[in-house]
Protein chains: 2
Amino acid sequence: MAGKISTDLIRGHTDTIILNVLRQGDSYGYEIYKKIIELSKRQYELKEATLYTAFRRLEQDGYILSYWGDETQGGRRKYYRLTDNGKQLYEQSRENWTFAKCILDKLIEGGVNDVLK
Amino acid sequence: MAGKISTDLIRGHTDTIILNVLRQGDSYGYEIYKKIIELSKRQYELKEATLYTAFRRLEQDGYILSYWGDETQGGRRKYYRLTDNGKQLYEQSRENWTFAKCILDKLIEGGVNDVLK
DNA sequence: GCCAAGTACCTTGACAGACATAGTAATATG
DNA sequence: CATATTACTATGTCTGTCAAGGTACTTGGC
């Protein structure tokens with residue numbers, strides 16, 4: 001994967017990324033894994049271990065729910081669906097991201113004069 | 001502090017934030033602590049424990065160096081200065097931030113149609 | 001028919017960053 | 001002279017991410 005991005009810069013946004021994918025409809029682990037790679041134009045890969053850890057966390061907290069897909073055709077797939085709480089969490093998290101982005105711009109790109117202006 | 005920002009969203013950017021402050025001239029722990037609060041318009045507080053941990057890390061890795069200030073006037077102050085490596089790291093980290101911001105926008109705000117466009 | 005690659009899921013253990021908490025000690029302020 | 005602020009440090013904990021490893025089924029090429 002060329003033009004990779006460091007893990008640490010994404011840290012803390014994993015849940016939001018997953019919720020965003022699920023906003024577009026129910027999906028299962030491996031598909032979500034692939035979708036995130038595609039969404040990032042192959043510049044970021046959320047590792048499977050991280051994904052499945054997040055699924056468990058999000059389900060336990062009631063932000064997503066899971067169900068097994070029809071196993072008669074193809075391999076077994078565990079689908080995930082956003083709950084109402086999950087939708088709310090996504091909206092909240094997106095706002096937080098917008099906010100954090102703004103602050104980080106000040107903290108990372110801002111020079112000394114920016115304080116005085 | 002009103003309109004706070006979650007820790008996790010800043011995680012991984014601590015070093016860059018410190019380096020940015022030091023770009024504006026040598027400074028010491030407590031002043032840097034205050035400056036970050038001001039730079040963020042009081043919306044973010046980098047905890048002291050985190051700061052001093054980062055100082056040690058950055059110094060060990062050669063990105064900053066430290067020296068004790070003149071103790072004859074006022075309390076003891078340990079000043080930090082950017083090294084050349086530190087300046088390079090800052091530039092690199094700022095680019096990474098710009099890059100990460102772009103990707104995260106796609107991953108957090110992007111809908112399904114964005115992939116097809 | 002068989003093997004490699006891809007699909008699909010999951011667990012365990014390790015690590016690193018951020019912080020809560022606690023502490024020391026000097027200076028400034030009223 | 002008591003209190004707040006300045007200033008630095010150490011210890012232990014928590015959480016998210018990942019590396020590494022594993023199981024099992026399906027698809028495609030030969």
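We use all heavy atoms of the structure for the numbers below, so side chains are in, but hydrogens, waters and symmetry mates are not. All chains are named by letter (A, B, ...) in the order of the sequence lines, taking the proteins before the strands, and each is independently numbered beginning at 1. Bear in mind the structure is a predicted one, so any value in this text is a computation, not a measurement.
- Among the heavy atoms of the strands, none lies under 4.0 Å from Tyr33(B).
- Here Thr7(A) lies in heavy-atom contact (under 4.0 Å) with sugar-phosphate atoms only.
- The distance from atom CG of Asp8(A) to atom C1' of dA16(C) is 8 Å, rounded to the nearest whole Å.
- The side chain of Ala49(B) has dA10(D) as its nearest neighbour among dC10(C), dA19(D), dA10(D).
- One can place CZ of Phe55(A) at 13 Å from P of dT17(D), the figure rounded to the nearest angstrom.
- Using a distance-only test at 3.5 Å, with no hydrogens or angles considered, a donor-acceptor pair links the side chain of Ser93(B) to the main chain of Leu89(B).
- The interatomic distance linking Trp68(B) (CH2) with dA25(C) (C1') rounds to 12 Å, in whole Å.
- Arg57(B) has a side-chain polar atom (N or O) that falls below the 4.0 Å cut-off from OP1 or OP2 of dA18(C).
- Applying the 4.0 Å criterion to OP1 and OP2 of dC15(C), one finds that Arg11(A) has every side-chain N and O outside that range.
- Summarising the geometry, the separation between NZ on Lys78(A) and C1' on dT11(C) is reported as 13 Å, rounded to the nearest angstrom.
- A salt bridge links Arg57(A) with Asp15(A): at least one charged nitrogen is closer than 4.0 Å to a carboxylate oxygen.
- Atom CG in Leu46(A) sits roughly 11 Å away from atom P in dA19(D) (whole-Å rounding).
- Phosphate contact (OP1/OP2 of dG16(D), side-chain N/O of Thr50(A), threshold under 4.0 Å): absent.
- Under 4.0 Å is where a charged nitrogen must lie from a carboxylate oxygen, and between Arg94(A) and Glu91(A) at least one such pair does.
- Across the interface with DNA chain D, nearest-nucleotide mapping of Lys34(B) and Tyr52(B) shows Lys34(B) to be the residue nearer the 5′ end.
- Using a 4.0 Å heavy-atom criterion, one finds that Thr14(B) contacts the sugar-phosphate atoms exclusively.
- Electrostatic pairing of Glu38(B) and Lys34(B) does not count as a salt bridge here, judged by no charged N lying under 4.0 Å from a carboxylate O.
- The phosphate of dG17(C) has neither OP1 nor OP2 within less than 4.0 Å of any side-chain N or O from Lys47(B).
- Both Gly12(B) and Gly29(A) sit near DNA chain C, but only Gly29(A) has its closest nucleotide nearer the 5' end.
- One can place CD1 of Ile17(A) at 13 Å from C1' of dG16(D), the figure rounded to the nearest angstrom.
- Using modelled atom types and a 3.5 Å distance limit, the side chains of Glu48(A) and Tyr30(A) yield no donor-acceptor pair.
- Protein atom NE2 of His13(B) is 12 Å distant from nucleotide atom C1' of dG17(C), rounded to whole Å.
- Ring centroid separation for the pair Phe55(B) and Tyr80(B) comes in under the 6.0 Å cut-off.
- Close to dC8(D), at under 4.0 Å from its OP1 or OP2, lies no side-chain N or O of Tyr28(B).
- As judged by a 4.0 angstrom heavy-atom cut-off over every strand, Glu31(B) is placed among residues making no nucleic acid contact.
- Residue Glu48(B) contributes atom CD, which lies 10 Å from atom P of dA7(D) at whole-angstrom precision.
- Taking 4.0 angstrom as the limit, Arg76(B) places none of its side-chain polar atoms (N or O) nearer than this to OP1 or OP2 of dA7(D).
- Dashed line: the shortest gap from a side-chain N or O of Arg56(A) to OP1 or OP2 of dT11(C) is under 4.0 Å.
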